[in-house]
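Inspection log for the structure reproduced underneath, given as structure tokens.
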Protein chains: 4
Amino acid sequence: MLIVMDNHATQEQINNVTQKIEEMGWEAKQIPGGERVAIGVLRNTGAVDPAIFIDLPGVRDAIPVSKPYKLVSREMHRENKKIILKNGEIVIGGDKIVIMAGPCAVESEAGALEIARLVKEAGASIFRAGAFKPRTSPYAFQGLGETGLKILAMVRDKTGLPIVSEATDPENCDLVEEYADIIQIGTRNMQNYSLLKRAGKAKKPVLLKRGMWATADEFLMAAEYIMSEGNHDVILCERGIRTFSQHSRNTLDINVIPYLQKETHLPVVVDPSHAGGKREQVIPLAKAGAAAGAVALLVEVHNHPEKAFSDGPQSLLPEDFVKLVAELRGMNFKV
Amino acid sequence: MLIVMDNHATQEQINNVTQKIEEMGWEAKQIPGGERVAIGVLRNTGAVDPAIFIDLPGVRDAIPVSKPYKLVSREMHRENKKIILKNGEIVIGGDKIVIMAGPCAVESEAGALEIARLVKEAGASIFRAGAFKPRTSPYAFQGLGETGLKILAMVRDKTGLPIVSEATDPENCDLVEEYADIIQIGTRNMQNYSLLKRAGKAKKPVLLKRGMWATADEFLMAAEYIMSEGNHDVILCERGIRTFSQHSRNTLDINVIPYLQKETHLPVVVDPSHAGGKREQVIPLAKAGAAAGAVALLVEVHNHPEKAFSDGPQSLLPEDFVKLVAELRGMNFKV
Amino acid sequence: MLIVMDNHATQEQINNVTQKIEEMGWEAKQIPGGERVAIGVLRNTGAVDPAIFIDLPGVRDAIPVSKPYKLVSREMHRENKKIILKNGEIVIGGDKIVIMAGPCAVESEAGALEIARLVKEAGASIFRAGAFKPRTSPYAFQGLGETGLKILAMVRDKTGLPIVSEATDPENCDLVEEYADIIQIGTRNMQNYSLLKRAGKAKKPVLLKRGMWATADEFLMAAEYIMSEGNHDVILCERGIRTFSQHSRNTLDINVIPYLQKETHLPVVVDPSHAGGKREQVIPLAKAGAAAGAVALLVEVHNHPEKAFSDGPQSLLPEDFVKLVAELRGMNFKV
Amino acid sequence: MLIVMDNHATQEQINNVTQKIEEMGWEAKQIPGGERVAIGVLRNTGAVDPAIFIDLPGVRDAIPVSKPYKLVSREMHRENKKIILKNGEIVIGGDKIVIMAGPCAVESEAGALEIARLVKEAGASIFRAGAFKPRTSPYAFQGLGETGLKILAMVRDKTGLPIVSEATDPENCDLVEEYADIIQIGTRNMQNYSLLKRAGKAKKPVLLKRGMWATADEFLMAAEYIMSEGNHDVILCERGIRTFSQHSRNTLDINVIPYLQKETHLPVVVDPSHAGGKREQVIPLAKAGAAAGAVALLVEVHNHPEKAFSDGPQSLLPEDFVKLVAELRGMNFKV
């Protein structure tokens, strides 16, 4: 923390800030400049709240210098985190682009199994589908719940594909942890702290989607919540943010990929389906995500998108998905 | 829903869309234009998912015409909703600006009571303070929980001020409903549907804060969730949105006030404290909110903001709060 | 400027940064912290470019501490700037809310004069209308040019109202300076530096609209451009910014008013017409702007908005304008 | 245009809208729905201004159905536009990724020539450098002007690389047209209509950068301005937009690439340097841009970025640029 004093600040005001810093058990270091004085806060453990200083008389600004997160930080863990599934057969953060594919929601046993077989055949190594669906409208399809999870478990048994599925509250997180292989936390719940804490106690990896409003640092702090409860297997998923740009449902924050890779050792995944919101955007965004360094892709695929209960227009058709995998391989990515 | 066809669409493609509409049990109406054909969807009940049409061959766009919400809509309820407290002594949506004031969090019995007496004396009619605090960092103060709620109940007994306090998950919503007079749902939980549904079953009014990422229509749909469970006493609170503008913590969407007042009969409240994030912004934003038509204000006040456990820098000092009320009265608002 | 070193930075890297600072003729001050070293840059005149340091090995961040602007800064000029017109009869930044009203564009002599008389009668003290119109479409009405300015001069002669009108390039700025009393620079031209420099040489006050994308600091830097050429009579106009919020054409950044008033001595004006984009938004936004501290309002008024050549739907009708002035007076503003 | 009536609209109000449409010379088509009536506007040539209807009594909304642009539209020109340079040796929009590389600004003859040779050797086919620099601060380096252009012409003579350089007003556009091979219009000038019109009369291709605030449709309308003056050789350049996301200088709108490719036949280029603002972001963004379908890249390269007069921290070092080209080729792009 650097406290910047007003250029009219009095010596008494400066002393007052210094005293406050020392009261907190920290060290104050004055930095006299040409126009104004700044005061560094040293020897603090953990983040310093600007609130403590910003209101003191003569203070112009309080600028955080350190990042607020610890466990997620690459400064703490230099090596890339790898998420290991199926005894190492699948590694998120390894040398392959891992593709998690499937419909938005589980709709029926036959339907889920058919899509799972299609995406496995085409190159996916994890099956994705929701049993608990957070929907903007209370009148929209809300998912099959535990029945859906049982279908997913059956699909895993028959195809060998691990399952990623979303939990939307601490209660259904128990069920998702029981049936699925990766627990997904959706964009709307990125700061649902009760859910984050519950996921932090789970024995399964957590795929955390970025809130469509969240800064990269808030995203990392949400991952810190999970890790602070003991679960260090966190996968970060960029899925598009809210901007003024309305030609697509969201704007994929492609810049966040290199930023996250610099700041954290956790694996970064891209969801091109929600980032685009229209089928025609999915393949370009998926390829862009891989090119920018994402280690995995989360892609919606449906064999009858026009009949899907949700998110049909952003689902790839099976033949589009085959094309996507071929184009990724054409760019020399291992899938 | 209006389906706009490509200007190269074939007659077969047009017929195909028409047939699809009729399969859904709706009526199709062709609108031949100079360059292209559009097709209206009629006789539908509830919103039509663009997903159904956007992928059909020859379709260029599917434009929603109706709004997706019902219960919150002013078209359904022409008269302003009033939230009645204390047998009509307090009316949110009446001819007075109702001020809900207090600290961010309950910190101690003595502290809460002192602030409550100060704000009551100055003109507040509802006391606000959090017992369950959603915090960005897992290492920050998380609130006193039920102990905090008991303190708040005691403050109500001694001051006569009704209490508004936040619930952050369905579980603690039980407690908040038991102790508080108004259940607050915070910005991060605006689309926490488990919590919205629980609040929809509560017997107390709900103050719903807009998600900092949410469009006005998503905000209304979140209120619709609560109302669809039976609780029609919903108060909408604008508290600032995320924009590129970084001179304040958020940007108060002052435009949303007249928009909401046109679209819904529910009362609209402004939270100038979170919208600004700095003390110096609170009074101007509070006055702007009232001037734009808000029927109540939610203001953070702390007598020792530099020692507050959270949100100190945006808390008004008691003397600032007195000034705010005086300035509102100077503008001929009844407080 | 504060240079924050990586927590793994070597002593050599730290020395290297120190040496670089000294090479620039500045002073380096090391601030050893618990985890990492920071280095303050002192004795610099003018802003320090982070570019100089951010790429040096071992540097994690370079944080600006001072603001980049000078002439616009309240630190340089403590007292509010007043813009004086008509020998002091009109003061922008005085104790009255100055209202500049009129149509988007001059359309005809009779029309302009009629509207000018209506708005004067209702309480406006400056007439606004465009002769050079920047339009999104090349096929839309582009303004009457010099003919329009001549009409405006005639309107001034007949009504006594000073004129504010927009210049869109250095060339037509000559004409606007000749005919109008205040030269307006529009939002799209906020960083048209050729135009800013030309306006900086003008002998008339400049009303500078904020770019809909511009941070407050970029807005102030644009004003700095004008002032750096010698023209210190600059009026800052907030007219709404681009956000994800699409229920209004723009989002009025009401927070920027107190921010600007803290940072600069220049007068701050609000344009509720462009900020809202719909008639129903204009009165609430105008009142909010005044309540937040704006010293003047720029309002579009048209007696036949449905026939206006541009911006009809956001123009107030004369009777609405009368209502706005009455409501401002009802809030005890002097108009 | 579709006019949506209020569900309480009277028959008289509906007739009134119909009459208004017919007065404009268009055709009205009523679409009676279950809850409300909508009215289609047919047989119009050019865009219909919602302003005409939105204020009429009983009208709830006026929804544009057609796009406002013509000449830029892919509906008018199905085939991709190719920009041909050096008698076909260089084709922007062909099967190769064209790389335009060089420093932000021309600083000296020797420096420019050295960088040009380096980037040519590494795979660039066009040299970029600014002689007229739009800078946020009036106190920053503003470019060498015509001297800079003469240096660029000399660099072209010695290296064979065509030159792209920025014009910032109609006046210096004359000079840029004279010396350069492609005229660049910068982000801040995307709606500087005087400049767009001047560029529309030029005999050289125009590289138009998207305004950091501009919707995709406004971007296309700016290109329409240029084309409407007769110059059809327009290259669209995405360079990042303003969002709340502050970990990078801008957010590359990667979604806009497939959107533009659907809407227009004009070639789409990505500028990863401004989109990222930090060296570490440039290579990932460049690769993402190519993967998403951009036909060319505009990359800042400087051999001594720490001494560059502007934009040093986002300039690639020559060795980074070599790496970028190698990685693009590794992804099977032809460079």
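With chain D as partner, the option from A:Gln281, A:Lys278, A:Lys287 having the largest number of non-hydrogen pairs under 4.5 angstrom is A:Gln281. Ranked by non-hydrogen atom pairs under 4.5 Å with chain A, the options D:Ile241, D:Asn255, D:Asn332 are led by D:Asn255. Ranking A:Ile283, A:Val256, A:Thr215 against chain D, the residue ahead of the rest is A:Val256, based on heavy-atom pairs under 4.5 Å. Ranking A:Met331, A:His247, A:Gln261, A:Glu263 against chain D, the residue ahead of the rest is A:His247, based on heavy-atom pairs under 4.5 Å.
For chain A, the nearby part of D:Arg210 is the side chain; its heavy atoms alone come within less than 4.5 Å. Both the backbone and the side chain of D:Glu280 come within contact range of chain A, with heavy atoms under 4.5 Å apart. Contacts between D:Ala214 and chain A at a heavy-atom distance below 4.5 Å involve the backbone alone (N, CA, C, O). Both the backbone and the side chain of D:Ile254 come within less than 4.5 Å of a heavy atom of chain A. Using a 4.5 Å cut-off between heavy atoms, A:Ile257 makes no contact with chain D at all. For D:Asp217, no part lies near chain A; criterion is any non-hydrogen pair under 4.5 Å.
With 3.5 Å as the limit, one finds no donor-acceptor pair spanning the side chains of D:Thr243 and A:Thr243. Side-chain atoms of D:Ser245 and A:Asp253 form a donor-acceptor pair, as typed in the model, at a separation below 3.5 Å. Side-chain contact check for A:Gln314 and A:Arg249: at least one donor-acceptor pair (N or O, by modelled atom type) lies under 3.5 Å.
Taking every heavy atom of both residues into account, A:Trp213 and A:Gln191 meet most closely at NE1-OE1, 3.5 Å.
Without hydrogens or angle criteria, D:Glu224 side chain to D:Val72 main chain gives a donor-acceptor distance under 3.5 Å. With D:Asp271 contributing its side chain and D:His274 its backbone, the two residues share a donor-acceptor pair below 3.5 Å.
A salt bridge does not link A:Glu79 to A:Arg74: none of the charged nitrogens lies less than 4.0 Å from a carboxylate oxygen.
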